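Remember, predicted model here, so these are calculated numbers, not experimental data.
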Amino acid sequence: MSQSHLIPFTQTAKLLAANGVSVTIVLTPLNAARLNKVIDQAKALNLKIQFHLIPFPSAEVGLPEGCENMDTIPSPQYQPLFFAASNMLKEPLEKWLSELETLPTCIVSDICLPWTTNVASKFKIPRVVFHGVSCFTLLCSQTISHSKVHENVTSMSKPFVVPDLPDKIEFTKAQHFSSYIVPQFYTFVDN
């Protein structure tokens with residue numbers, strides 16, 4: 001959960017609602033509060049869009065209270081705890097789904113919540129993965145990671161060239177995701 005995911009995700013929800021789909025966005029309270037204006041605008045346009053709130057288990061994993069978004073964690077060292085708390089959202093989501101009279105037609109879930117695959121399967125609901133990153137960004141990240149070209153750069157702000165592309169594309173270490181993702185992220189994704 002980060003603003004870079006939530007904002008385009010919410011815009012996608014508005015597009016679905018604009019085409020006659022009734023949309024429920026499942027969010028934590030902090031993230032919902034940040035998006036209330038967007039939802040109010042959608043409702044003013046008579047779009048069928050609403051929130052369902054699930055409390056984020058910050059304290060249960062040792063995060064400071066109110067850490068419900070990547071930009072609210074105090075430092076990258078808290079990322080494993082954040083991902084652990086994110087995984088704990090599975091049971092409340094399943095409980096909510098089991099209490100519904102009519103199940104959703106589809107679940108659209110973020111790429112960073114891979115456990116939603118199992119939830120969708122359990123309830124026999126089709127699932128679509130929302131991945132707001134462009135293909136070009138994915139290509140660059142993949143190429144940088146495999147070539148390890150960034151590992152020889154000593155400064156976070158010194159540009160390096162992405163190899164094997166037809167044009168000269170430069171990044172800095174600070175712009176590459178490996179600079180702010182701790183190794184435990186890969187364990188989270190693999191699980």
Side-chain angles (χ1 to χ4, degrees), residues 1-17 21-35 38-39 49-135 137-138 141-142 145 177-178 180-191:
M1 284 169 271
S2 72
Q3 292 307 96
S4 64
H5 291 232
L6 291 173
I7 293 170
F9 194 86
T10 304
Q11 293 301 322
T12 302
K14 284 174 58 179
L15 287 172
L16 290 169
V21 177
S22 178
V23 176
T24 300
I25 303 173
V26 179
L27 286 169
T28 65
L30 172 78
N31 289 304
R34 289 177 163 187
L35 297 171
V38 173
I39 299 306
I49 190 165
Q50 64 182 354
F51 287 151
H52 174 75
L53 302 183
I54 296 179
F56 194 77
S58 302
E60 290 89 332
V61 298
L63 286 171
E65 197 61 42
C67 287
E68 299 179 20
N69 193 298
M70 290 295 284
D71 67 359
T72 62
I73 61 174
S75 72
Q77 287 70 33
Y78 283 90
Q79 286 179 354
L81 298 176
F82 182 83
F83 295 132
S86 295
N87 285 337
M88 292 171 68
L89 297 173
K90 179 181 180 211
E91 287 184 26
L93 179 62
E94 287 180 339
K95 182 180 184 303
W96 175 68
L97 287 170
S98 69
E99 294 169 353
L100 292 175
E101 287 183 29
T102 304
L103 288 173
T105 306
C106 180
I107 293 175
V108 181
S109 61
D110 191 89
I111 186 107
C112 292
L113 300 173
W115 51 264
T116 57
T117 301
N118 297 333
V119 173
S121 179
K122 177 179 180 177
F123 288 90
K124 296 178 178 35
I125 304 169
R127 173 183 176 253
V128 176
V129 176
F130 179 83
H131 195 184
V133 178
S134 72
C135 292
T137 301
L138 288 173
S141 291
Q142 183 82 0
S145 294
F177 75 92
S178 66
Y180 57 87
I181 297 292
V182 294
Q184 293 88 341
F185 172 78
Y186 299 104
T187 303
F188 164 76
V189 171
D190 289 342
N191 290 333

A.B. asks: Once you round to the nearest 0.5 Å, how far does CH2 of Trp96 lie from OG1 of Thr24?
C.D. replies: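 Nearest 0.5 Å value for the CH2-OG1 distance: 5.0 Å.
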A.B. asks: Counting only N and O atoms by type, is there a donor-acceptor contact under 3.5 Å from the side chain of Ser58 to the main-chain atoms of Cys67?
C.D. replies: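 Yes, the answer is positive, given that a donor and an acceptor are paired below the 3.5 Å cut-off.
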A.B. asks: With a 3.5 Å distance limit and no angle check, can you tell me whether Glu68 reaches the backbone of Leu30 through a side-chain donor-acceptor pair?
C.D. replies: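 Flag set: sc Glu68 to bb Leu30 pair under 3.5 Å.
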A.B. asks: To check you understand the geometry: which heavy-atom pair defines the closest contact between Leu53 and Ala32, and what is its length?
C.D. replies: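 Nearest heavy atoms, Leu53 then Ala32: CD2-CB, 3.3 Å.
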A.B. asks: Salt-bridged, Glu91 to Lys95, with N to O below 4.0 Å?
C.D. replies: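 Looking at Lys95 together with Glu91, the answer is no, because their closest N to O distance does not fall below 4.0 Å.
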A.B. asks: From Glu94 CD over to Lys122 NZ, what is the distance, rounded to the nearest 0.5 angstrom?
C.D. replies: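 Result: 3.5 Å between the selected atoms.
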A.B. asks: As an exercise, state the distance from NE2 of His52 to CG of Leu27, rounded to the nearest 0.5 Å.
C.D. replies: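 One finds 10.0 Å between NE2 of His52 and CG of Leu27.
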A.B. asks: Return the OH to CD1 distance between Tyr78 and Ile73, rounded to the nearest 0.5 Å.
C.D. replies: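 That separation rounds to 9.5 Å.
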A.B. asks: Any sub-3.5 Å donor-acceptor pair from Ser121's side-chain atoms to Thr117's backbone N or O?
C.D. replies: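 No, Ser121 side chain to Thr117 backbone: no donor-acceptor pair under 3.5 Å.
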A.B. asks: Quick one: pull up CD1 in Ile25 and CD1 in Ile49 and give me the separation to the nearest 0.5 Å.
C.D. replies: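 Here the interatomic distance stands at 4.0 Å.
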A.B. asks: One pair to check against side chain to side chain contact (heavy atoms under 4.5 Å, CB included): Lys90 and Leu113. What are the steps and the verdict?
C.D. replies: CA-CA 9 Å; Lys90 179 181 180 211; Leu113 300 173; over 6 Å; no
A.B. asks: Using side-chain heavy atoms (C-beta onward) and a distance below 4.5 Å, is Ile125 in contact with Val119?
C.D. replies: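 Sidechains of Val119 and Ile125: no contact.
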A.B. asks: Any chance you could measure Leu89, atom CG, to Ile54, atom CD1, to the nearest 0.5 Å?
C.D. replies: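 The CD1 atom of Ile54 is 6.0 Å from CG of Leu89, to the nearest 0.5 Å.
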A.B. asks: Give the intermediate values and the outcome of side chain to side chain contact (heavy atoms under 4.5 Å, CB included) for residues Phe123 and Ile107.
C.D. replies: CA-CA 10 Å; Phe123 288 90; Ile107 293 175; over 6 Å; no
A.B. asks: Taking all atoms of both residues into account, what is the closest heavy-atom pair of Arg127 and Ala120, and its distance?
C.D. replies: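 Arg127 and Ala120 have their closest heavy atoms at CB-CB, 3.7 Å.
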A.B. asks: Report the C-alpha separation of Leu93 and Val26 in whole Å, then their side-chain angles, then the decisive distance to 0.1 Å, and conclude whether the side chain to side chain contact (heavy atoms under 4.5 Å, CB included) test is met.
C.D. replies: CA-CA 8 Å; Leu93 179 62; Val26 179; 4.2 Å; yes
A.B. asks: Under the side chain to side chain donor-acceptor pair (under 3.5 Å) rule, what do Asn69 and Thr72 come out as? Steps first, then yes or no, please.
C.D. replies: CA-CA 5 Å; Asn69 193 298; Thr72 62; 5.7 Å; no
A.B. asks: Within the 4.5 Å heavy-atom criterion, are Phe51 and Leu35 side-chain neighbours or not?
C.D. replies: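 When only atoms from C-beta onward are counted, Leu35 and Phe51 do touch, with a gap below 4.5 Å.
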A.B. asks: What closest approach, in Å, do Ser86 and Trp115 show between heavy atoms, and which atom pair accounts for it?
C.D. replies: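 Minimum heavy-atom contact is O-NE1, 3.3 Å.
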A.B. asks: Side chains of Val128 and Cys106: closer than 4.5 Å at any heavy-atom pair?
C.D. replies: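 A side-chain contact under 4.5 Å exists here.
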A.B. asks: Can you see which heavy atom on Ser109 is nearest to which on Thr116, and at what distance?
C.D. replies: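 Here Ser109 and Thr116 meet closest at OG-OG1, 2.6 Å.
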